[in-house]
Amino acid sequence: MSLLEDAEVLLLDIEGTIAPVSFVFEVLFPYAAAQVETFLEVHGKEPLVQADLAALRDEYEADTGRGLILPDWSGPEPTAATPYIRFLIAADRKSTGLKSLQGKIWEQGYLSGAYRSQIFADVRPAFERWTRAGKRIYIYSSGSIQAQRLLFEHTEQGDLRGYLSRYFDTTSGPKLEADSYRRIAGQIAVDAAQILFASDHRGELRAAQQAGLRTVLVVRPGNALAEGTDFPVVRSFAPAPAGDES
Ligand SMILES: CSCCC(=O)C(=O)COP(=O)(O)O
Ligand SMILES: [Mg+2]
């Protein structure tokens, strides 16, 4: 039986695992970069957006303190944050403030029909099969929980939220830190060793492994990472044919 079929508790990454990297980099990020200024004009004074801007301001001060060359953010109006936010998007920064704001902007894209989420063809069949087999499926992504819910609600394969037990984002900690996985195992209330974490990112897998989770490297079309011998590999969520074990 393959590693994925064998696990009782699955913790899955999104980008490069469930969704092609190209959907995130060619659809979601450009949409957020294009819409952020208008979004801040309309919603910038709302408390939840103000909270994101306050987190981003702290990040800006920290970046300034580290001597990074940054776009100017000097005006008091919410839209003054636009150049810095675009800078963070271009840098693929995984900070909680940015991801929270991106989730709010992406909601408009889904609701207006600008896009639906692209996911690999084997995802829904796997979720159906794993659910029938009594497995629990959890998500851990740098995208905010709101962004994750939206992504699974609006897929080209329909609304997949019903298959998912819970979502985790960077409010549980960064994906590159072992403590984040310990925290998640505690919240799921199982031994870390019962969880199989599947991701396209070796740094994330190393952190999860340090926390005692089982790990599998997901190699999908468009992913940057090559296979190696450090982690077991899956290329698909389809069940392995008999005699072709991972
Ligand atoms: C929830 S979809 C947006 C994904 C995203 O913003 C991102 O940074 C991808 O991170 P992941 O941890 O899913 O690789
Ligand atoms: Mg990923």
Side-chain angles (χ1 to χ4, degrees), residues 10-36 52 55-56 59 85-111 114-120 123 137-157 159-161 163-164 166-177 180-181 183-184 196-208 213 215-227 231 233-235 237:
L10 291 152
L11 181 64
L12 306 175
D13 164 61
I14 294 182
E15 178 198 306
T17 296
I18 285 171
V21 172
S22 58
F23 173 60
V24 177
F25 276 82
E26 293 168 23
V27 178
L28 290 181
F29 286 179
Y31 184 85
Q35 297 297 322
V36 60
D52 293 341
L56 287 163
E59 192 171 347
I85 292 166
R86 289 189 175 138
F87 164 85
L88 294 179
I89 294 171
D92 190 20
R93 190 75 68 82
K94 302 293 190 189
S95 54
T96 305
L98 173 68
K99 292 295 162 186
S100 178
L101 186 69
Q102 278 179 324
K104 294 177 179 74
I105 300 171
W106 289 332
E107 179 174 31
Q108 302 199 331
Y110 286 110
L111 295 182
Y115 46 75
R116 280 186 300 169
S117 30
Q118 299 163 16
I119 58 172
F120 292 107
V123 172
I137 310 169
Y138 297 88
I139 303 296
Y140 183 26
S141 169
S142 298
S144 68
I145 288 173
Q146 180 190 18
Q148 297 177 35
R149 284 187 203 280
L150 286 164
L151 183 141
F152 286 106
E153 181 178 2
H154 298 281
T155 84
E156 294 166 337
Q157 298 170 26
D159 184 347
L160 304 187
R161 289 172 301 169
Y163 298 105
L164 300 172
R166 187 163 168 180
Y167 308 86
F168 296 96
D169 65 10
T170 56
T171 58
S172 293
K175 292 180 81 181
L176 296 176
E177 290 181 9
S180 309
Y181 298 85
R183 223 167 272 129
I184 289 171
L196 178 70
F197 177 53
S199 171
D200 62 323
H201 192 302
R202 281 194 163 80
E204 296 174 4
L205 295 175
R206 275 192 289 271
L213 280 74
T215 49
V216 63
L217 177 67
V218 182
V219 176
R220 294 288 206 175
N223 286 9
L225 286 182
E227 293 178 28
F231 293 100
V233 167
V234 292
R235 289 172 206 82
F237 284 179

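Quick caveat: nothing in here was measured; it's all calculated off a predicted structure. Just follow the structure's listing: the first ligand is 1, and inside any ligand the first atom is 1.
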About how large, to 10 degrees, is the angle OD1 of Asp200, then the Mg ion (ligand 2), then O of Glu15? 90°
Compute the ring centroids of Tyr167 and Tyr138, then answer whether they are less than 6.0 Å apart. no
Output all residues satisfying salt bridge (charged side-chain N to carboxylate O under 4.0 Å, His left out) with Arg220, sequence neighbours left out; order by chain, then residue number. Asp122
Is it true that Lys99 and Ser95 share a donor-acceptor pair across their side chains at a distance under 3.5 Å? no
Review item, side-chain donor-acceptor pairs of residues 200-207, under 3.5 Å, at least two apart:
from: His201; atom 1: ND1; to: Gly203; atom 2: N; distance (Å): 3.0
from: His201; atom 1: ND1; to: Glu204; atom 2: N; distance (Å): 3.3
from: Arg202; atom 1: NE; to: Asp230; atom 2: OD1; distance (Å): 3.2
from: Arg202; atom 1: NE; to: Asp230; atom 2: OD2; distance (Å): 2.6
from: Arg202; atom 1: NH1; to: Ala226; atom 2: O; distance (Å): 2.9
from: Arg202; atom 1: NH2; to: Ala226; atom 2: O; distance (Å): 3.0
from: Arg202; atom 1: NH2; to: Asp230; atom 2: OD1; distance (Å): 3.2
from: Glu204; atom 1: OE1; to: Lys175; atom 2: NZ; distance (Å): 3.3
from: Glu204; atom 1: OE1; to: Ser199; atom 2: OG; distance (Å): 2.6

Glu204 backbone or side-chain N/O/S under 2.8 Å from the Mg ion (ligand 2): no
Intermediate values then yes/no, side chain to side chain contact (heavy atoms under 4.5 Å, CB included), Ile18 and Ile139: CA-CA 10 Å; Ile18 285 171; Ile139 303 296; 3.8 Å; yes
Could you tell me whether Arg116 and Glu156 make a salt bridge, using a distance below 4.0 angstrom between a side-chain N and a carboxylate O? no
Can you tell me which residues line ligand 1 if we count any heavy atom under 4.0 angstrom from one of its atoms, in chain and number order? Asp13, Ile14, Glu15, Phe29, Lys94, Lys99, Trp106, Ser141, Ser142, Gly143, Ala147, Gln148, Leu151, Lys175
All ring pair (Phe, Tyr, Trp, His ring centres under 6.0 Å) counterparts of Phe152, not counting sequence neighbours: none
The atom name of the N, O or S atom in Asp13 nearest to the Mg ion (ligand 2) is OD2
